[in-house]
Amino acid sequence: MKKAVILSSGGLDSTTCAAIAKNEGFELYHISFDYGQRLRVELERAKAVALHFQVRHHLIITVNMRDIGGSALTSDIPVPKHRDAGTMTSSIPDTYVPARNTIFLSFALGWAEVIGAEDIFIGVNSIDYSGYPDCRPEYIEAFERMANLSTKAAVTGAMRFRIRTPLVNMTKKEIIQTGIALGVDYSITHSCYDPDPEGRACGFCDSCQLRLNGFAGAGLSDPVRYVEKGY
């Protein structure tokens, strides 16, 4: 069976990516990161997602990005909330983590080369997203070129790496509809940037707003718990 490495945060997008990869016949290898993020609940959700899909192996990498800081997710900078859709797509928020996708994809690439997986799935999106530069198609294309220039398996012709972004041109509504059609249980996922101590979503950060609007657009109720839903 062909293998795929899935970057899994326990969130809506990466979980949908896993469902798409499984539907395409891939054997799933999930990779998650304990990078000093404030939303620790995402690692528990990533473990639940791995169990849900019965993945072949779930690798959790520890890399301390809190020492670097510069983000509301890895420092004491407040998480921005109540931003409208126009602001989300026109400016880069404080939840941007410097070079995060480059770091994560590099680990995923190394693991993919070792286990013989040519396909790496990442749930980036360029439509309903928070303006992150490392979610754009041109970034993914550049990383894929680099991957095939920098690895032994690629330069010797043994493998050809593909960075798979099946959600890149989907709205959140379309992502959710796709996942539901593939049997995704979104109650086990987590998206909030600023959950309360009980793990309940805040309802007002960018990620909550995008998620809630996506479920509403699909005519569905979000099954995760919220402190307050900020429609």
Side-chain angles (χ1 to χ4, degrees), residues 1-33 35 42-43 45-61 63 97 100-129 132 134-148 150-151 153-154 159-172 174-186 188-191 207 210-211 214:
M1 184 181 290
K2 56 185 179 179
K3 302 173 182 178
V5 173
I6 316 295
L7 277 77
S8 176
S9 67
L12 185 152
D13 293 339
S14 64
T15 302
T16 307
C17 269
I20 290 170
K22 185 172 184 178
N23 187 60
E24 290 183 11
F26 285 100
E27 183 176 47
L28 306 186
Y29 289 75
H30 280 204
I31 185 169
S32 303
F33 295 87
Y35 62 96
E42 74 172 31
L43 288 172
R45 296 298 88 207
K47 293 174 185 176
V49 168
L51 287 173
H52 175 72
F53 286 108
Q54 299 181 314
V55 305
R56 181 62 181 269
H57 187 62
H58 184 202
L59 180 63
I60 299 177
I61 297 288
V63 52
V97 181
R100 182 175 61 178
N101 278 351
T102 302
I103 293 166
F104 289 0
L105 279 169
S106 295
F107 275 100
L109 174 62
W111 194 32
E113 184 173 21
V114 170
I115 65 174
E118 292 187 310
D119 294 82
I120 300 170
F121 284 75
I122 181 171
V124 297
N125 181 266
S126 61
I127 297 178
D128 287 344
Y129 78 123
Y132 300 140
D134 53 2
C135 288
R136 297 173 300 161
E138 53 266 45
Y139 164 77
I140 296 298
E141 291 166 6
F143 191 95
E144 183 175 279
R145 289 197 302 273
M146 183 277 297
N148 288 297
S150 63
T151 51
M159 298 172 68
R160 179 72 183 176
F161 293 104
R162 293 176 291 271
I163 309 301
R164 302 285 302 278
T165 58
L167 315 182
V168 71
N169 291 316
M170 290 187 187
T171 64
K172 273 291 186 288
E174 292 168 338
I175 292 168
I176 291 165
Q177 290 173 327
T178 298
I180 293 295
L182 293 173
V184 172
D185 178 5
Y186 284 118
I188 65 173
T189 66
H190 177 88
S191 300
S207 189
L210 291 169
R211 179 175 173 132

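For the numbers below, each heavy atom of this structure counts, side chains included, while hydrogens, waters and symmetry mates do not. When a residue number appears, it is its place in the shown sequence, counting from 1.
Looking at every heavy atom in both residues, C17 comes nearest to F121 through O-CD2, 4.2 Å. Heavy-atom minimum distance, F26 versus M1: C-SD, 3.9 Å. Listed here is the closest heavy atom pair of K3 and I115: NZ-O, 2.9 Å. Heavy-atom minimum distance, A50 versus H58: CB-ND1, 3.7 Å. The minimum heavy-atom distance between M170 and P166, with the atom names listed, is CE-O, 3.6 Å. Between S126 and N169, the closest heavy-atom pair is OG-OD1, 3.8 Å.
Side chain of S14 to main chain of S9: a donor-acceptor pair is present (N/O by atom type, distance under 3.5 Å, no hydrogens or angles). In this structure, S207 contributes its side chain and S191 its backbone to a donor-acceptor pair below 3.5 Å. Panel note: side chain N148, backbone F161; a donor-acceptor pair is recorded below 3.5 Å. The backbone N or O of S8 lies less than 3.5 Å from a partner atom in the side chain of S32, making a donor-acceptor pair.
Counting only heavy atoms from C-beta outward, the side chains of C135 and N101 approach each other to under 4.5 Å. Using a 4.5 Å heavy-atom cutoff, the side chains of L167 and I20 are in contact. The side-chain heavy atoms of H30 and V49, taken from C-beta on, include a pair separated by under 4.5 Å. R211 has its side chain within reach of Y186: a pair of non-hydrogen atoms, C-beta onward, lies under 4.5 Å apart. Contact of the K172 side chain with the L12 side chain is registered, since non-hydrogen atoms from C-beta on lie closer than 4.5 Å. For the pair T15/F53, a side-chain contact is recorded, criterion being any heavy-atom separation below 4.5 Å from C-beta on. Between I180 and I176 there is a side-chain heavy-atom pair separated by less than 4.5 Å. Side-chain contact check for Y139 versus L105: some heavy-atom pair is nearer than 4.5 Å.
Other residues, nucleotides and ligands place more than 12 heavy atoms under 6.0 Å from the CD atom of E138. Counting heavy atoms of neighbouring residues, nucleotides and ligands inside a 6.0 Å radius, atom CZ of R56 does not exceed 12 of them.
In this structure, CD1 on I31 lies 5.0 Å from CD1 on I61, to the nearest 0.5 angstrom. Taken to the nearest 0.5 Å, the CD1 atom of I60 stands 5.0 Å off from the NZ atom of K47. The distance from the CD1 atom of I163 to the CG atom of L109 is 6.5 Å, given to the nearest 0.5 Å. Once rounded to the nearest 0.5 Å, the distance linking CG of D13 with OG1 of T165 reads 11.5 Å. To the nearest 0.5 Å, atoms CD (E144) and CZ (R160) are separated by 6.5 Å. One finds the CD1 atom of I6 at 11.5 Å from the NZ atom of K22 (value rounded to the nearest 0.5 Å).
Here side chain to side chain donor-acceptor pair (under 3.5 Å) pairs that include residues 106-118, with residues two or more places apart or in two chains, number zero.
Remark: A48 pairs with R45, I188 by the side chain to side chain contact (heavy atoms under 4.5 Å, CB included) rule, at least two apart or across chains.
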* To do: I would like to know whether I140 and I122 meet side-chain contact (heavy atoms from CB on, under 4.5 Å); could you show each step before the answer?
  => CA-CA 9 Å; I140 296 298; I122 181 171; 4.3 Å; yes
* To do: Please step through side-chain contact (heavy atoms from CB on, under 4.5 Å) for the pair H52 and D185, ending with a clear verdict.
  => CA-CA 8 Å; H52 175 72; D185 178 5; 4.0 Å; yes
